[in-house]
There are 2 protein chains.
Amino acid sequence: MTTIFDVAKKAGVSKSTVSRVLTNKGYVNKKTRQKVEKAISEVGYIPNYLARNFRNSQTRTIGFIINGSIKLLGEFIEKFIKVAESFAYEVVIYSSDSDPVKEKQYLDLLKYKQIDGLFILTRANDWQVIEPYSKYGPIATWHRVESTKIYSAYVDHYYIYAAILQNLRKNGHKYVGFVLNSARSQNMLSANDAIKKQEAMGLKTWKYICATQENYGESSAQSFLKLSEKPKVVFIYADYVAGMFMKKLRELDETVANQTQVISLDNSIISELLDITSIDLDIDTQAYNEFVYIYNNLNAVSLPLKKIRLKLAVRKSFTQIDPECFPEYRIIK
Amino acid sequence: MTTIFDVAKKAGVSKSTVSRVLTNKGYVNKKTRQKVEKAISEVGYIPNYLARNFRNSQTRTIGFIINGSIKLLGEFIEKFIKVAESFAYEVVIYSSDSDPVKEKQYLDLLKYKQIDGLFILTRANDWQVIEPYSKYGPIATWHRVESTKIYSAYVDHYYIYAAILQNLRKNGHKYVGFVLNSARSQNMLSANDAIKKQEAMGLKTWKYICATQENYGESSAQSFLKLSEKPKVVFIYADYVAGMFMKKLRELDETVANQTQVISLDNSIISELLDITSIDLDIDTQAYNEFVYIYNNLNAVSLPLKKIRLKLAVRKSFTQIDPECFPEYRIIK
DNA sequence: CTGTTAGCGCCTTCAC
DNA sequence: GTGAAGGCGCTAACAG
């Protein structure tokens, strides 16, 4: 293995000079620099990152905790990694299994400088537990969190739900169904706020709360069918749940299935294949922002975050879209 | 930050003794060991992995290259990471974008000891290029590769296709459709071998070769519809492509769609939602084996690989299954 | 502008 | 069974 010492010998300079060339810090004579660069390629020098990181006590590595619950993982992670790579950071993946103890171990990794920053897809601990760790390094999450110390590129679900409900009211709907997630997440709380507001204004609702792991939401359809009076439209919190809802409905009662309109969240390939009208939360930009937040904190810069561009993909499952209710959306048919 | 020196001072011993306790190497008096252990917890010592890895020039890190083409990424990666974690390894994700140059950079990471082993989801370089790197550390891939030096937990597609074709022949089918992947992969070559063998025995076929990125295979349906005589069964190389095929078919010609049977590979949630009969390649076990291969090589042990348990999920899209053609499969209805 | 020097935290001979 | 010493490869004062 060649080291800077070999380069130095070859170029007839000292190690420090080589180091200066390598790190682009301090003054180096143009000619010396050229000599060094020549020597570098001649001896085939490759920096030893292990040594460099040790010396700098920095890892240029971001931890990324997954927890097995997210269907859009592939898309998100890919974007996150690509952005990280473009800034010369590496991403290490950990699996928390939504276990608070495991999650704490990873938080400790941050404390003990084994990673520079941490992204938590969905947290297992209360944010009060997590927040103190942010003094050891930047933390971001996909979970919506009301904290100035932990970043989240969330889209406020209040407005998502409010827009849909406004649209439905304009359509004359007085009775609406919802399939919601049981997770006590801020997103679901916001969704509920939006729904309650409409309930207070006279909207009748049916709500089914879905345990996250429960058969992709199969039972929501069964529950729906037991209703004596059924809403004509159901808004479902995720594509794959909406998919399963429709599948079950169709299996159990084709007529009802044909009368039921569905709107979902995610706009993944599932909603595309099943012709489900779906809202796209712009995962790519979210992933970008999550990384850039971490990067900014690590490097004391402030690269601008990108604006999230919501999208409404209109498909057969629900077509009565009033663009005025979705001013910020790109509407795609 | 506390170091072994702090521990040594506290325990009234030397750094070396602390190190011996930490690494469990060499002789340490029981009482001394206890003293040291007490000191460790008293000063709240946490080993500096940066230093340790540097010293040992090992990373306990496995590189994992993705390339943006795989829909089952989430499932695979999660399993791989969990296995790695259970053996105290970390996984760093890189994105190659199927770019040979980028891939080579990651191969170099192995050469220069910045990762201990490497997993390549789907390789961009020829395996002759990759193979030499295996002397720097174990390499595994999801791509099927005919090499003793690079491991792949592949399932031989020859037998997958042969079994299906045998089943279809038993059903009396004399004309079969295929949607295949354009990737010049060993898997597709094997599939072709199996198909050709049946063609030689008189089977009539229609084949559509799908570019990987092309609209999820939308055009396969258009091409299918142009056929004057259409096969009754189409075997499609991936769930999402099968999904798109059926969707397009249904859109363009409902009658034909109803007459066309489909079998796919992957058994993901897509085939479940769309009621497509699908073969499950047991991704979990594949991921397990991929990691264990790397682990075995790194640690000069030979933990047994697990047997891949293929599954055939029978759904509405194709029901005439003859279990005798699938002796090794678990058949699930 | 460049070289000398010291040291990051850890592990591993080598004496004792 | 334990301690002293050296060094992994690199960077950053500090001199000059």
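A note on names: the letters A, B, ... follow the listed sequences, proteins ahead of strands, and every chain is numbered from 1. Bear in mind the structure is a predicted one, so any value in this text is a computation, not a measurement.
- Taking 4.0 angstrom as the limit, Lys25(A) places none of its side-chain polar atoms (N or O) nearer than this to OP1 or OP2 of dT11(D).
- Contact between the side-chain N/O atoms of Ser14(B) and the OP1/OP2 oxygens of dG3(D) is found at a separation under 4.0 Å.
- Using a 4.0 Å heavy-atom distance criterion, Thr32(A) is classed as a sugar-phosphate-only contact.
- Nearest nucleotide to the Lys15(B) side chain, out of dG9(C), dC10(D), dC11(C): dC11(C).
- Between Thr3(A) and Arg20(B), the residue anchored nearer the 5' end of DNA chain D, judged by the nucleotide with its closest heavy atom, is Arg20(B).
- Residue contacts for Asn56(B): at a heavy-atom cut-off of 4.0 Å it reaches the sugar-phosphate backbone alone, with no base atom in range.
- A distance of 8.5 Å separates CD of Glu90(B) from OG1 of Thr59(B), quoted to the nearest 0.5 Å.
- Using a 4.0 Å cut-off between charged side-chain N and carboxylate O, Glu75(B) and Lys79(B) make no salt bridge.
- In this model, no side-chain donor or acceptor of Arg55(B) finds a partner on the base of dG9(D) within 3.5 Å.
- By the 6.0 Å contact criterion, NZ on Lys102(B) is enclosed, its count of non-hydrogen atoms from other residues, nucleotides or ligands being greater than 12.
- A sub-4.0 Å separation between OP1 or OP2 of dC10(D) and a side-chain N or O of Tyr45(A) is present.
- Under 4.0 angstrom from either OP1 or OP2 of dG3(D) there lies no side-chain N or O belonging to Ser16(B).
- With respect to the salt-bridge test (charged N to carboxylate O, under 4.0 angstrom), the residues Arg309(A) and Asp280(A) do not qualify.
- Mapping Asn29(B) and Ala51(A) onto DNA chain D via the closest heavy atom, the residue that lands nearer the 5' end is Asn29(B).
- Not one side-chain nitrogen or oxygen of Ser19(B) sits closer than 4.0 Å to the OP1 or OP2 atom of dC10(C).
- Contact annotation: side chain of Arg33(B) to base of dG1(D), donor-acceptor pair absent below 3.5 Å.
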